[in-house]
Amino acid sequence: MQTNSNLHSFDEIMDAQFGKLGTEERENFNREAEAYCIGQILLEARKQEKITQEALAKQIGTNKSYISKIENGLVDPSASLFLR
């Protein structure tokens, strides 16, 4: 049986692109990926409730710009923000 040397495991690809688990590069990637996912969850929930970024910001005591940054994965919101 012939094997394809171009096939790699997901872990190998992640290690090559973002560093091995535990490295600073991989941890940075994981934080950015998590921030993106949280942003997408917030965006979908806000759209489902049919409210604007501005309305949500007012309800939780922040500003529209901060909501936008969360939804775009640029900031990692605190847990207290979600409790509000």
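Numbers here are sequence positions counted from 1. Nothing here was measured: the structure is a model prediction, and the numbers come from that model. All values below come from the heavy atoms of this structure, side chains included, with hydrogens, waters and symmetry mates left out.
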Verdict with supporting geometry, Arg26 and Phe18, side-chain contact (heavy atoms from CB on, under 4.5 Å): CA-CA 5 Å; Arg26 186 68 165 268; Phe18 305 107; 4.0 Å; yes
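- The distance from the OG1 atom of Thr62 to the CG atom of Leu56 is 9.0 Å, given to the nearest 0.5 Å.
- Between the CD1 atom in Ile13 and the CG atom in Asp15 there is a gap of 10.0 Å [rounded to 0.5 Å].
- Expressed to the nearest 0.5 Å, how far CG of Leu74 lies from CD of Glu32 amounts to 10.0 Å.
- Dense packing is recorded around CD of Glu27, with more than 12 heavy atoms of other residues, nucleotides or ligands lying under 6.0 Å away.
- Asn63 contributes a side-chain N or O that, together with a main-chain N or O of Ser65, makes up a donor-acceptor pair within less than 3.5 Å.
- Follow the hydrophobic side-chain contacts under 4.5 Å out from Phe10 and you reach Phe29 in the same cluster.
- Taking CD of Glu54 as the start and CD1 of Ile67 as the end, the distance is 11.0 Å to the nearest 0.5 Å.
- Counting non-hydrogen atoms of other residues, nucleotides and ligands closer than 6.0 Å to OH of Tyr66 gives a total above 12.
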Check residues 39-48 and write down every donor-acceptor pair under 3.5 Å in which the side-chain atom is one partner and the other belongs to a residue at least two apart or another chain.
from	atom 1	to	atom 2	distance (Å)
Arg46	NE	Glu71	OE2	2.6
Arg46	NH1	Ile51	O	2.9
Arg46	NH2	Glu71	OE1	3.1
Arg46	NH2	Glu71	OE2	3.4

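- Nearest heavy atoms, Pro77 versus Ile70: CB-CD1, 3.7 Å.
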